[in-house]
Amino acid sequence: MIKQTHFASRLPASVKTTRWLLAVLTFTHTVIATGLFAKGIASSAGTGMSLLLSSLFALLFSVIAFSFWMALFGFVQRLRDARTRSVNTTIAESKVWRHRMKPIKTAILVPVYNEEPSDVYAGVLAMRRSLIERCSGDEFAFFILSDTTNAEVAIAEEQLWSQIVEDNNVDVPIYYRRREKNIGRKSGNLEDFCVRWGSQYTYMVVLDADSLMDGATIQAMVDRMDVKRHLGILQVPPVPINRCTWLARLQQFAANMYGPVFTKGLDMWANVESNYWGHNAIIRVEPFMHHCGLPVLPGVAPLGGEILSHDFVEAALMLRSGWGVELATDLGGSYEECPTNLLDYAIRDQRWCQGNLQHSRLVLSEGFHPTSRFHMAMGVLSYVSSPLWMLFLLVTIWVTTTSKDLANEPSSNSWLQSIVFAMTIGMLFVPKIWGWVDAVLSKRQRQLQGGAVRMFLSMIGESIVSCLLAPTMMIYHSRFVVNTLRGKKITWNRQNRDEKGLEWQTAWNHFGWISLLGLFTTVCVLAAGWTSLWWFLPITVGWTCIVPLAVLTSSVALGRKFQSWGLFLIPEETELPSVLQYKRSLQQNLEELTTVKI
């Protein structure tokens with residue numbers, strides 16, 4: 001395997017300009033905001049406290065500022081681009097390229113771990129049918145790569161596979177392999193495939209058990225890799241679909257409405273030095289096999305040992321070897337599913353937190369590209385920022401409750417504090433407006449999502465609920481970080497994919513103490529005077545109301561009621577993708593062939 005000549009020096013001038021402009025705007029914005037903040041608290045806090053708060057504010061605000069300007073760049077670029085962003089774009093592109101490409105063997109990998117067999121095979125059969133309809137399909141093969149440890153589920157997987165192979169004699173084969181020992185989890189599963197069969201395939205499309213991709217999208221990914229010979233990984237951003245609880249619908253709406261401006265902004269500055277998200281991506285097999293073997297980190301778990309979040313590291317290794325990693329922001333037809341209640345959402349984030357914190361060991365490792373270091377650092381900071389915000393909050397409450405200026409009347413610099421507060425909130429909310437404008441300008445999307453007014457009301461509702469949930473997630477993320485640093489390991493079990501609501505008792509058992517914390521914080525802040533309460537209202541209300549909020553957001557009935565009102569809609573609900581239609585029609589038939597229920 002010949003190592004690629006590095007292409008970073010050949011980045012387009014527009015990308016280099018975007019990077020410099022993004023850095024300058026982020027830095028300038030942070031300096032100005034920090035200066036206003038420091039001046040605003042000067043009369044309320046001592047020198048030591050003022051310095052601590054200002055330092056924390058500068059670090060945390062810089063992350064917000066970077067995301068803000070990145071989203072603005074993405075929004076402006078999307079306004080310039082043609083407004084064709086559906087799967088129809090993928091189909092047209094595929095038809096043009098397919099006639100001038102030679103047959104290429106592509107493996108479509110579906111790693112599973114104690115999943116519902118009927119769900120998995122329904123998705124695979126739906127994607128296979130979509131492939132056959134959209135293209136010839138004869139250069140593809142599906143691989144069910146099972147790491148299942150439950151004996152009954154493993155038997156059901158094999159029985160269903162045998163039935164499918166017997167009843168479906170088509171050109172796109174489906175292979176099944178089960179490992180007795182799931183060494184290395186998903187990354188080890190993929191490594192096992194590469195060792196056994198990797199040399200027989202040019203590309204591999206890596207999916208998750210809940211992934212779903214249109215056949216035209218898969219074909220277009222292959223076509224693009226064939227044309228862009230420098231690419232090692234092409235990531236198609238997945239959008240969540242197919243869930244009904246209110247929380248799931250909020251996530252689906254947010255990803256659909258705001259996601260495009262952020263991913264476009266990321267693509268503008270990252271270009272061929274982008275990142276890999278672990279699924280719904282196509283990988284060039286040969287360089288992956290030669291360069292992307294994961295190291296074992298020195299020390300013991302959780303920060304040492306096997307790397308848990310493999311995707312960022314594999315992208316960094318690919319980039320280090322001279323191969324590009326790129327986002328296909330213009331391709332649709334890439335789907336996944338999301339957690340359906342707040343408890344499952346937190347459990348998933350706990351796994352991601354531990355995996356991302358391991359990357360802190362790699363940020364300064366020898367040989368990685370600066371862009372890869374930045375990706376990993378931002379991933380670490382996405383979780384470490386929560387305990388930093390918690391520390392910032394606790395120090396602020398201390399200053400508030402002990403300051404005579406704030407206890408009675410607003411300080412002379414309170415207007416500066418108001419400006420900084422409004423600036424911070426605005427930078428979190430304004431990108432959502434850009435996402436709404438971007439969606440409204442597309443006539444087709446506007447029609448599919450209930451019109452501009454309903455989309456706007458949905459945006460406001462999603463923003464309010466997200467604001468109320470954020471303080472609780474800050475506490476959970478802080479716990480995850482502290483537990484990981486204390487050496488507490490977690491077990492990476494199967495993700496719960498059921499749509500079961502949270503009972504009141506369950507919600508109280510998990511979140512009741514946060515409600516009590518909210519009441520206690522409210523009393524402490526009130527002791528400093530009514531003026532102080534307004535500053536902490538989003539946090540205290542979010543904490544105090546978290547139990548009923550957790551129950552309500554887990555409700556399928558409430559989610560469907562909002563759907564009937566045309567709120568929190570996504571285009572895929574109004575116009576069901578054909579591949580999802582296939583999956584739903586197949587799923588009931590497959591459920592009758594197995595009695596195993598997870």
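By convention here, the first residue in the shown sequence is residue 1.
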Quiz item: Side chains of Q77 and D81: donor-acceptor distance under 3.5 Å anywhere?
Solution: yes

Quiz prompt | Validation row, ring centre H29 to ring centre F61 under 6.0 Å | solution = yes

Quiz item: Do E462 and Y258 have side-chain atoms, one donor and one acceptor, less than 3.5 Å apart?
Solution: yes

Quiz item: Ring centroid separation for F73 and W269, is it under 6.0 angstrom?
Solution: no

Quiz prompt | For E573, all residues meeting salt bridge (charged side-chain N to carboxylate O under 4.0 Å, His left out), sequence neighbours excluded | solution = R249

Quiz item: What about F143 and W197, are their ring centers closer than 6.0 Å?
Solution: yes

Exercise. Would you verify whether the NZ or CZ of R348 falls within 45 degrees of the ring axis of Y345 while also being under 6.0 Å from that six-membered ring's centre?
Key: yes

Quiz item: Can the ring centroids of F312 and F374 be said to lie less than 6.0 angstrom from one another?
Solution: no

Quiz item: Yes or no on side-chain hydrogen bond (donor to acceptor under 3.5 Å, both in side chains) for H230 and W323, after CA distance, side-chain angles and deciding distance?
Solution: CA-CA 6 Å; H230 61 282; W323 293 88; over 6 Å; no

N/O donor-acceptor pairs under 3.5 Å from side chains in residues 375-386, not counting sequence neighbours:
residue: H375; atom: NE2; partner: E273; partner atom: O; Å: 3.0
residue: S382; atom: OG; partner: G379; partner atom: O; Å: 2.5
residue: S385; atom: OG; partner: L381; partner atom: O; Å: 2.9
residue: S385; atom: OG; partner: S382; partner atom: O; Å: 3.4
residue: S386; atom: OG; partner: H477; partner atom: ND1; Å: 3.4

Self-check item: Gap between atom NZ of K432 and atom OG of S463 - 0.5 Å precision
Solution: 3.5 Å

Exercise. Would you please indicate yes or no on a ring centroid separation below 6.0 angstrom for W69 and F75?
Key: no

Quiz item: Would Q252 and N242 count as having a side-chain donor-acceptor pair, cut-off 3.5 Å?
Solution: no

